[in-house]
Amino acid sequence: MTVGLEHYLFVSIVLFSLGLLGVLLRRNLLIIYMSLELMLNAANLALVAFSRFNNLLDGQVLVFFVITVAAAEVSVGLALIVALYRKRRTSHVEDLTSMRL
Amino acid sequence: MLITFIIFLPLLAALFLLLVPREVRWGIRVIALGATFITMLLALLLFLKFQTGLAGYQFELTVPWVRSVGINYHVGVDGINIGLILMGAVVAFAAACVSWEITNYEKEFYVLLLVMTGGILGAFASLDLFFFYFFHELALVPTFIMIGVWGRGENKNYATFNITLYLSVGALITLIGLIALYLQMPANARSFDIVALSGYFKGNSMPASAQHFIFPLLLFGFGILVSLWPFHTWAPLGYGAAPTATAMLHAGVLKKFGLYGLIRIALPLMPQGARSWLGILAWLCIGNIVYCGFVAMRQRNLNLLIGNSSVAHMGFVFLGIASLNLISVTGAVLVMVAHGFLAALSFALSGYLYQQTGTLNMDQFSGLLRRVPFIGTVLIMAAFAGCGLPGFANFAGELLVLFGAWKTLQPFAILAAWGALIIGAVYMLRAVRTILHGPADERWAEVKDANLWRKAPFALLVACLLAFGFWPRWLTEKIKPSAEIILNMATTLTPPPLKTVALEPLSLNTRPSGVSDR
Amino acid sequence: MEQVLFYILGAFTVVFAFLVVANPFSRSPVTSAMFLVLAIASLAGLFVLLHAFFLAAVQVLVYAGAVMVLFLFVIMLLDLKEEQRRKIKNFSLITGLISLVAIVAVLVNVILRSGLSGPLPAATVEGGTVELGKLLFTRYLLPFEMVSVLLLGAMVGVVLLSKKDLR
Amino acid sequence: MILEIAVLVVGLGLLVLDLWTPPERKHFLGYGAALALVVVLGYSFFRFDLAAAPAFAFGRSYILDGLSLFFKRFFLLAAIMVLLMAVEFSNRIETAISEFYSLIVLALAGMMFAASANDFTVLFVSIELITICFYVLTSFQRNRLPSLEAGIKYLILGALSTAFTVFGIALVSGMAGTMGFEELAKRSPGLAGQPIFILGLLFVLAGLAFKIAAFPAQIWAPDVYQGSPAPTTAFLAIGSKAAGFVLLLRVLFTAVPAVTAQWTTLLMVISGVTILYGNLCAIPQRNLKRLLGYSSIAHAGYLLLGVAAMAANVKNPTAGGAAILYYLSGYLFTLLSAFAVLCLLLRQAEAEDISALAGLSKRSPLLAGTMTLAMVSLAGIPPLAGFFGKFLLLKAVVEQGASHAGYYWLVAAAILGVVISIYYYFGIVRAIYWPGISTDLSPIEISAPFKMALYGCVLGMLYLGVFPNSIIKWSTQAVSALKL
Amino acid sequence: MKDFAWLVLFLPLFSAVIIALFTRRDAQLSAQLSIGAVVASLFISGAIFIGLQGSLDLVKGLESTPFTWLRVGDLDVQFGLRLDPLSLLMILIVTGVGALIHIYSYGYMSGDPGFSRYFAGLSLFTFAMLGIVLANNFVMMFVFWELVGFSSYLLVGFWYERPAAADAAKKAFLTNRLGDFGFLLGIILLWATLGSVRFDQLQGMILKNPGVLGIWSSVGGLLIFCGAMGKSAQFPLHVWLPDAMEGPTPVSALIHAATMVAAGVYMLCRVFFLYAATPAWPPAFSFLQGINALQVIAWIGGGTALLAAVIAIQQNDIKRILAYSTLSQLGYMVMAVGLNGPSPAMYHLVTHAFFKALLFLGAGSVISALHHEQDIWKMGGLRSKMPWTYRTFLMGTLALCGLPPFSGFFSKDAILAAASQHSVGLFVLAALVAMLTTFYMFRLVFVAFLGKTNSEATAHAHESPRVMITPLLILAVPSLLAGLWGIGAFLERNFNPQATSESPNLMEEMFAPFGHSPLAAVVGLGAVIFGFSFAYALYANAVKDPIPQRFPALARALRNRFYFDEIYEKLISLTHEAVARLADWFDRWIIAGFAIRGIPGSVELFGRALRLIQTGNLQTYAFVFVLGVAVVLYAVLHH
C-alpha cells in the first residue's frame with residue numbers, strides 16, 4: 001500500500017488528538033503546554049503533507065511562521081508560568097479557579 | 001416648524017439643565033416649568049391654528065435623515081394626533097408642577113422629565129415609523145429610571161424590573177412589526193414614512209400572508225404597551241411605584257402610543273389582518289373593561305386602584321378600534337385624550353395624598369375631605385369622570401365608543417356599558433367613600449390642603465376635562481375627517497385593480513372628506 | 001523504502017507523542033519534555049520524507065533545540081520534580097475522552113470520505129533553503145516582517161513577566 | 001501600508017524613548033503615543049478614501065480597500081482611547097508602563113494588518129501578533145493573582161484556538177492549493193462538497209470565534225475580562241473582537257462565499273446561542289468587568305446577526321455588513337465609555353462589584369452620566385448609537401425572513417436577549433443612582449485629556465445615534481468592498 | 001322668547017359655578033346667589049309659560065336654538081331645549097317648588113359649616129333637573145339624568161362624615177346606575193334602529209308607522225323604562241330612596257319627593273310615544289309574546305306602590321315614613337303611565353310635588369325644632385308647640401290621602417279611573433294602596449302631633465322661624481287648590497288632542513271626578529275613610545305601637561323592609577364581589593404571579609444554571625470549546 005496524503009493526515013490527526021487529550025486531561029500547565037505544541041506540530045505535518053501533495057511551497061512557508069510564532073508563544077507562556085509559580089507556588093490548573101461563575 | 005419647536009423645546013431645555021449647577025434649585029425648577037409651560041402654549045397655538053375639517057396632515061415638515069434606509073424626520077398633525085399632542089403638553093406641564101415632591105437628585109429628575117416630554121410629543125407628532133418608535137423609546141427610558149430612582153413603596157424594585165421588561169418586550173415586538181412593514185415595500189421604494197407607506201398600500205394591497213404575520217405583531221406589541229389584557233399587570237404595579245410625575249406622563253400620555261399606533265398604522269395598512277384579529281381584540285378588551293374593573297374593586301391601595309381603572313379605560317379604546325366604524329374610532333381617539341387628562345389628574349391626586357400622608361392604603365384614610373377640601377373635591381371629580389359622568393370628556397368618548405360598538409359588536413357593547421356604568425362606579429365610589437367620607441381621623445390632622453400654586457395643575461387638568469366634556473366637538477370635528485380616511489383604508493379589503501375605481505367611495509362610512517359640518 | 005520509513009517515523013511520532021501526554025510510568029514533566037523532543041525529531045524525519053528539508057532542519061533546531069531547552073530550563077527553575085499524583089477525576093476523564101472521541105471520529109470520518117487516498121504526485125518542488133528563502137523575501141515578506149514585530153513584542157513581554165524585581 | 005509603518009514606528013519609539021524618560025514623567029509617553037496615533041488617524045482621512053478602488057501588495061496578500069481602511073481607523077480610535085485609559089490607570093500598573101503603551105501599539109499594528117489580511121498567512125501572523133501582545137497585556141499586573149490567572153487562561157485557550165486555526169488553515173489551503181482569499185473564492189464552489197475542506201474551514205472559524213468570543217469559543221471571555229487590567233479588557237473587548245470580525249467577514253465573504261451561502265442555518269444558530277448565552281449568564285452577575293465580559297459575548301452574538309443576514313445574500317451582503325460596521329462603531333464608543341469609567345473607579349479601589357458604583361452620581365456626575373449613557377446604549381435604546389445599530393441589524397435579519405423562516409426565530413432570540421440585557425444594564429444604572437449605602441464619597445479626579453476623551457466618547461455615542469447618516473454611508477462604502 | 005329657556009337652564013349652573021369658584025367663603029352671599037338664580041329662573045319660566053302656552057301642543061313643540069354637542073357619522077346630538085306644555089309645566093314645578101325649598105333651606109341650614117357647598121349643590125341639582133325637563137333628545141336627557149344622580153349624590157352625602165349618609169349617597173348613585181345601564185342601552189338600541197335620538201323625530205317615525213321598531217319595540221321600551229325604574233325608585237331598584245333620607249331634609253323634599261324622583265315619571269310621559277309602537281319581542285323572548293311593555297310597567301308601578309305602602313305602616317322615622325309614601329306614590333304614577341294614562345300620571349306628579357314637598361318641609365321643621373330627633377314615638381303633642389307646622393302638615397296629609405277638595409283627590413282619582421278602565425286587579429290594588437296611605441299618614445299625625453309629649457326635646461320644641469314657615473304656607477296653597485286649576489284638563493288636552501273639552505268652570509271642576517268615573521271617586525273616598533278609621537282606632541292617643549304585639553312576624557318583616565337590603569347585599573356579594581375576588585386572585589396569582597413572575601424567574605434560573613459551566617477551570621473551558629466544535633462539526637458535516 002503506497003503511502004499517500006491520507007496516511008500523513010492520519011498521523012497528523014492522531015498527533016492532534018493526542019495533543020488535545022493532553023490539554024484536556026493533564027493538570028500540569030507545562031505538560032498542557034507541551035501538548036499544545038504537539039497540536040501545532042500536527043498542523044505543521046498536515047501543512048507540509050499538503051504542500052508536497054500540491055507541489056506548492058506556500059504551506060511550508062506557513063509552517064516556518066508557525067514554528068517561529070510557536071517559539072515566541074512558548075517563551076511568553078513559560079514566562080507567565082514562571083511568574084505564576086513565583087506568586088502562587090503552583091503550576092496546576094485546578095489552582096487557578098479564583099474567577100468563576 | 002411649530003411642531004419641531006414643540007418637540008425640541010423640552011429636549012433643549014433638558015440639555016440646558018445639565019449645565020445648571022445643582023445647587024440652584026429654584027433655577028432648575030423654573031427652567032423645567034418654563035419649558036413645559038411654553039411647550040404647552042405652543043401646543044395650544046398648534047391646536048388653535050389647526051384647520052378643522054381638513055383631512056390631510058397639517059404643519060408638515062420633512063427633513064431627510066438617513067436616506068439609504070429611507071428614514072426621514074417627518075412630523076405633522078392631523079385630527080388623530082392633534083388632541084394627543086395638546087393633551088401631552090398640558091399633562092407635561094402639570095407633571096412638572098407637581099414635582100415639588102422630589103427632593104433628591106432634583107436636577108436629574110427634571111432632565112429626565114423634560115426628555116420624556118420631548119419624546120412623548122415627538123412620538124405623537126412623527127409621521128415616520130422610525131422616529132415614531134425612536135421618540136417613544138426616548139420617552140420610555142426616563143420612565144424606567146424615574147421609577148427606579150424616585151419610586152416608592154416596598155415593591156419598587158420589582159415594579160421597575162417588571163415595567164422595564166414588559167414594556168421593552170412590547171416595544172421590541174412593535175419594532176419588529178414596523179420593520180417587517182417597511183420591508184413589505186418594494187426594495188427600491190422603501191421608506192419608513194407613514195404617508196409614503198399609506199400611499200403605497202392604498203394602491204397595492206399587502207399580501208395576505210404578510211398581513212396575518214405583521215398585524216398580530218403590531219397588535220400585541222402595541223397591546224403590551226397599552227396594557228391590553230392579559231398583558232396588563234405591569235401597569236398597576238408600575239404606576240403604584242412610580243413617582244407622581246412619571247405616572248402622570250406615562251399613564252396619561254405615553255401609554256396612548258400603542259393605541260395611536262394601532263389606529264394610525266395597523267388598521268389602515270393591514271385591513272385583512274385587522275379583519276381576522278379584531279374579533280380577538282374585542283374579547284381581550286372585555287378582559288380590560290370588565291375583568292380589570294373587577295380587579296380594581298378589590299384593591300385597597302389607591303394607586304393600584306387607579307392603575308387598574310386606567311387599564312380598564314384602555315379597554316374602551318380597544319373596543320372602539322375593534323368596532324371599526326367612524327363613530328367608535330372617533331370615540332376611541334376622544335377617550336385617549338380624555339383619559340390622558342384623567343389619568344394624569346388621578347395620579348397627581350394620589351401623589352399629593354401620598355406626599356402628605358405617606359401612605360396610599362385606603363383603609364388608613366377616613367374623612368379626609370374635611371382636611372383637604374380642594375384636593376378632596378378634585379378627587380371626587382376625578383372619580384366621577386372615571387365612571388363616566390357627563391360633563392367630563394371621558395363621557396363623550398365612552399358614549400361614542402358604545403354607540404359605535406353597538407353597530408358591529410353588540411354583546412361587547414353591552415358588557416362594556418356594564419363595565420363603564422356599574423363596575424367603574426362601584427370602585428370609584430368606594431374609593432371616595434373610604435378616603436374622603438366618614439368621620440375625620442385624628443391621625444391626619446396635620447394634613448394640609450394644596451396652596452394656590454399647588455392647586456394650579458389640578459385646576460388645569462380639571463379645566464381640560466370639562467372643556468372637552470362640554471365641547472367634545474372641538475376634538476371630534478378634527479378627528480372625523482382623519483378617522484374617515486383611516487377607516488376607508490381599513491375597511492377596503494381588496495383594492496380595485498384600476499385607479500379610477502379607487503376614487504369612488506368604497507364603504508358605508510365614506511363621506512366627502514374635507515367637508516366640515518358647520 | 002520511503003514507505004517503510006514513513007511507517008517507522010509515523011509510529012515513532014505517535015508513540016512518543018502518546019508518551020508525552022500519557023506516560024504510564026512517569027508523570028514527571030521532564031520525561032514528557034524528553035519524549036516531546038523525540039516526537040519532534042521523528043516529525044522532522046517525516047518532513048524530510050515530504051521533501052521539506054529546510055523545515056526539517058528548522059524543526060530540529062528551533063523545536064528540539066531552542067524550545068525544548070527552554071522547557072527544561074523552566075522545569076528546573078520551578079524545581080518541579082514530579083507531578084503530584086493527583087487523582088484524575090473520573091468526571092473530567094470521561095468528559096475529556098468523550099469530546100476527544102467525538103472530534104476524532106469526525107476527523108477520521110471526514111478524511112475517509114474525502115477520497116484523498118492514492119499515492120502522492122511526483123515532487124516538482126523541493127522545500128530547500130533557496131526556494132523558501134525566495135518566497136519569504138518576496139511574496140511573504142509582509143508576514144515575515146510582522147513576525148519580527150511579534151518576536152519583539154514577545155521579547156518585551158517575557159522580560160517584563162520574568163523580571164524578578166518589580167520597580 | 002504607511003499607516004501600519006507609522007504605528008510600528010510609534011510602538012518602537014515608545015520603547016526607545018522609555019530609556020531616557022524619568023519614571024515620574026512616563027505618562028507623557030502615553031499622551032505622546034495617543035497624540036501620534038491621532039496624527040496617524042488624521043492622516044488616514046487625509047490620504048485615503050473609503051470609496052477608492054482596492055489596492056494590493058505582496059502578491060495580493062495585503063489588501064487596502066474600504067473595509068480595511070474603515071477598520072484601521074476604527075482600531076486607531078480604539079487604541080487612542082485605550083492609551084489614554086492606560087495613562088489614567090498607570091498607578092495600578094507597578095512597572096514598565098511605557099512597555100504597556102508599546103504593547104498596546106504593537107497589538108494595534110497587528111489589528112491593522114489583520115484588517116488588510118487577504119491570505120491565510122497574513123491572517124495567521126496578524127492574529128498571532130495580536131494574541132501574543134494580549135498575553136502580556138492581560139497578565140501585566142503580575143502581582144495580582146487574577147491578572148496572572150487571566151493571562152494563563154487566555155494563553156492556554158488562545159494557543160488551543162491557534163492550534164485549531166492552523167490545522168484548519170492546513171486543511172483548507174491544502175485542499176484548495178492556495179493561501180490567497182481571492183484565489184480561494186474562485187475554487188471554493190468546487191470544494192464546497194468536500195468534507196475535509198468544510199472541516200478545515202470550520203476549524204478556522206472556531207479560531208476566529210475565539211477572537212470574537214462567540215459560541216462555541218465564548219467561554220473564556222468572562223474570566224479573562226475580569227482578571228485583566230481595565231485598559232486591556234477594553235482593548236480586548238473592542239479591538240480584538242473587531243479584528244476577529246474583519247477576518248471573519250473576509251474569510252466568509254471574500255474567500256468562501258459559496259460555502260457561506262450554505263451556512264445560513266449554522267450562522268443563525270451560532271448567533272442565537274451566543275446572544276442567549278451571554279445574556280442569560282449575565283443576569284446574576286455582580287462583578288462589573290465580568291458582567292461586561294458576558295455582555296461582550298452577547299454583543300458578539302448581535303454582530304453575528306448581521307453575518308447571518310449577510311450569508312443569506314452573499315452576492316450583495318451590504319445591508320448586513322453595513323449594520324455590523326455601524327454597530328461596531330457604536331459599540332466602540334459605548335464600550336470605551338464604560339471602561340473609561342471603570343478604569344477611574346478601579347484606579348482607586350479593587351472593588352469591582354456593582355455596589356462599588358453606589359454614590360458615583362455624587363462622586364462624579366460626569367462619570368455617572370457617562371456610565372448611564374453607556375449602559376443605555378448597550379441596551380439598545382435611543383437616541384444612542386446602540387439603538388440604531390440594533391435597528392439596522394434587526395432590519396437586515398427581518399429582511400431575510402421572507403426567504404428563510406429561521407430568521408424570524410433568530411429575531412425572537414435576539415429580542416429575548418435584548419430584553420434580558422435591559423434587565424442587567426439597568427441594574428448598573430440603578431446601582432449608580434439608587435439611594436444606596438456607599439462608604440466612599442470622595443470625588444474622583446479626572447485629568448483634562450481623559451475628560452476630553454470621555455466627552456468624545458459620549459459625543460460619539462450621541463452623534464452616531466442621532467446623526468447616523470455619515471457612518472452608515474461609510475459603512476456601506478466599506479462593506480461594498482465585499483460585494484462580488 | 002324661546003331662547004330665554006337657555007337662561008332658565010343656565011342660571012342655576014352659573015350660580016353653582018360662581019359659588020364653587022369664588023364665594024365659597026361667604027356663606028350668605030352664596031345662598032343669596034343660589035336663591036336669586038332659582039327665583040329668576042322661576043320668573044323667566046313663568047313668562048315663557050304665559051307667553052308660549054297657547055301656541056304650543058305636545059307634538060309640535062317649539063325648540064330653542066340648538067347647540068351641536070356631537071356629530072359623528074350618523075350620530076347627531078344637538079342639544080336643544082324642547083318647549084311644549086309638558087316641559088313648561090314641569091319647569092314651573094321645578095323652579096317653583098325649588099325656589100321655596102331654597103328659601104326654606106336658608107333657614108334650615110343656617111349655621112352649617114357647609115352652607116355654601118349646600119347651595120352650590122342645590123343649584124347644580126336645579127340645573128340638572130331643568131336639563132332633564134327641557135331635553136329635546138335622549139342623549140341630552142341621559143346627560144342630565146346622570147348629572148341629577150351626581151348632584152343627588154352630593155346632597156345625600158352632604159354630611160359626609162356620618163357613615164350612614166356617605167353610604168346612602170353611594171347606594172343611591174349605584175342603584176341609579178343600574179337603571180341607567182338599561183336606559184343607555186335602550187337609547188343606543190333606539191338610535192341603532194331608527195337612526196335618531198331626537199324625541200320629535202322618533203315620535204314622528206313611530207306615530208307614522210307603529211311597526212317601525214320591529215322586534216325591538218318592547219325590549220326598547222322596557223330598557224328605557226329601566227332608567228325610570230332607577231330614578232323613580234321602582235321595585236326592584238327602590239332600596240336607595242329610604243336611605244337617601246340621610247340627606248338634609250330640604251334636599252329630601254326637593255330631590256327625593258318633588259322633583260328628581262319624579263323625573264322617571266316625567267321621562268316616561270315624555271317618551272310615551274314609544275309605547276304606542278306595535279308590541280313585539282325578539283325571537284329569544286318569544287315566550288313573552290302577548291305581554292306588552294306597558295303592562296309590565298303598570299304592574300311594576302302597582303307593586304311598588306303596594307309594597308312601599310305596606311312597609312310604611314311600620315316605620316317610625318318621620319322621614320322614612322314620608323320616603324315610603326313617596327315610593328308608593330311614585331308607584332302610583334308609574335302604574336298610571338302603564339295604564340296608558342300619562343296625563344293622570346303627570347297630574348299626580350304635579351300635585352304630589354306640592355304636597356309631598358310640603359310634608360317634607362313640615363317634617364324638616366319638626367326635626368329642626370327637636371334638634372334632629374326623627375323618631376315619631378319620641379314626639380307627640382306637637383300640635384300646640386308648632387301650630388303652623390301642624391296645620392300645614394295636616395293639609396299636606398289630607399292632600400296625600402286624597403280627600404276632596406284637596407288636590408290629591410283629583411289626581412289620585414284620575415289614576416283610579418284609568419285603572420278601573422283597564423284592569424280590575426290594578427284597580428283593587430290602587431284602592432288598597434289609597435287606604436294604606438291614609439292609614440300610615442294618620443298614624444304619623446296621631447303619634448307625632450297629637451297625643452302626649454313623649455320626650456324631653458319635644459317638651460322644649462318651638463315653632464320654626466318665619467323663613468321656614470313661609471314656604472310651608474305658600475306650598476299649602478297649591479296642595480289645597482291645585483285640583484281646581486285645570487291642570488288635569490290641561491294635560492288631558494295635550495295628551496289626547498282629540499278629546500278636547502271646554503275648559504270647565506270651578507264647580508264642574510270640583511265635582512268632575514264624580515261625573516265621569518263615579519266608581520273611582522267613591523272607592524277613593526271610601527279608602528280614605530277606612531284608612532282614617534283604622535288609624536284612629538289604633539293610634540289615637542297611643543304611646544306604643546300596637547301592631548308588633550299582635551303580628552310580631554309581620555311587623556318584623558315590615559320594619560326590616562322585607563329584607564330587601566339584606567337580600568341585595570347577599571346577591572351582590574355572591575355575584576360581583578365573588579367575581580371580583582376571583583378576578584383579583586387570578587390576576588395576582590395566575591397572570592402576575594405565575595406567568596409574569598414565573599417567566600423572568602425561570603429565565604433567571606436558567607441563566608444561573610447555565611453559568612455553572614463557568615467553573616473557572618481552564619480544562620472545563622477547553623472541554624466545552626472542543627465539545628462545541630465537535631457539535632458544530634457534526635451538525636455541519638452530518639446534517
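Letters go in sequence order (proteins before strands), and every chain restarts at 1. Bear in mind that the values here come from a model prediction, so they are computed numbers and not experimental data.
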- [ ] Apply side-chain contact (heavy atoms from CB on, under 4.5 Å) to the pair I613(E) and Y277(D), showing each step before the final yes or no.
- [x] CA-CA 11 Å; I613(E) 298 173; Y277(D) 183 87; 4.3 Å; yes
Open item on the list: Is L612(E) in contact with chain D via its backbone, its side chain, both, or neither, using a 4.5 Å heavy-atom distance?
Closed with: neither
Open item on the list: Do Q614(E) and I219(D) have side chains that approach each other closer than 4.5 Å (heavy atoms only, starting at C-beta)?
Closed with: yes
Task: Most contacts with chain D, counted as non-hydrogen pairs under 4.5 angstrom, among T620(E), L610(E), V603(E) - done: L610(E)
Task: Contact leader toward chain E among W263(D), W220(D), Y294(D), where contacts are heavy-atom pairs under 4.5 Å - done: Y294(D)
Open item on the list: When you measure from the side chain of K153(D) to the backbone of G616(E), do you find a donor-acceptor pair of N or O atoms at a distance under 3.5 Å?
Closed with: yes
TODO: Residue by residue, scan residues 623-632 of chain E and write down, ordered by number, those that have a heavy-atom distance under 4.5 Å to chain D; if none do, write 'none'.
DONE: V624(E), F625(E), V626(E), G628(E), V629(E), V632(E)
TODO: Against chain E, label I420(D) side chain, backbone, both or neither, depending on which of its atoms sit under 4.5 Å from a heavy atom there.
DONE: side chain
- [ ] Would you name the heavy atoms of L637(E) and P195(D) that are closest together and state the gap between them?
- [x] CD2-O, 3.8 Å
TODO: First locate atom CG of L280(D), then atom CZ of R608(E), and finally report the distance between them rounded to the nearest 0.5 Å.
DONE: 12.0 Å
- [ ] Kindly indicate, with the supporting measurements, whether the criterion side-chain contact (heavy atoms from CB on, under 4.5 Å) is fulfilled by Y621(E) and I156(D).
- [x] CA-CA 10 Å; Y621(E) 294 2; I156(D) 304 284; over 6 Å; no
- [ ] Could you look at Q285(D) and say if it's the side chain, the backbone, both or neither that has a heavy atom under 4.5 Å from chain E?
- [x] both
Task: Top of F203(D), F215(D), F210(D) for chain E proximity - count of heavy-atom pairs under 4.5 angstrom - done: F203(D)
Open item on the list: Any non-hydrogen side-chain atom of F606(E) less than 4.5 Å from a side-chain atom of I283(D)?
Closed with: no
Open item on the list: Within the supplied structure, the quantity of interest is the number of heavy atoms (other residues, nucleotides, ligands) at a distance under 6.0 Å from F14(E) CZ; does it exceed 12?
Closed with: no
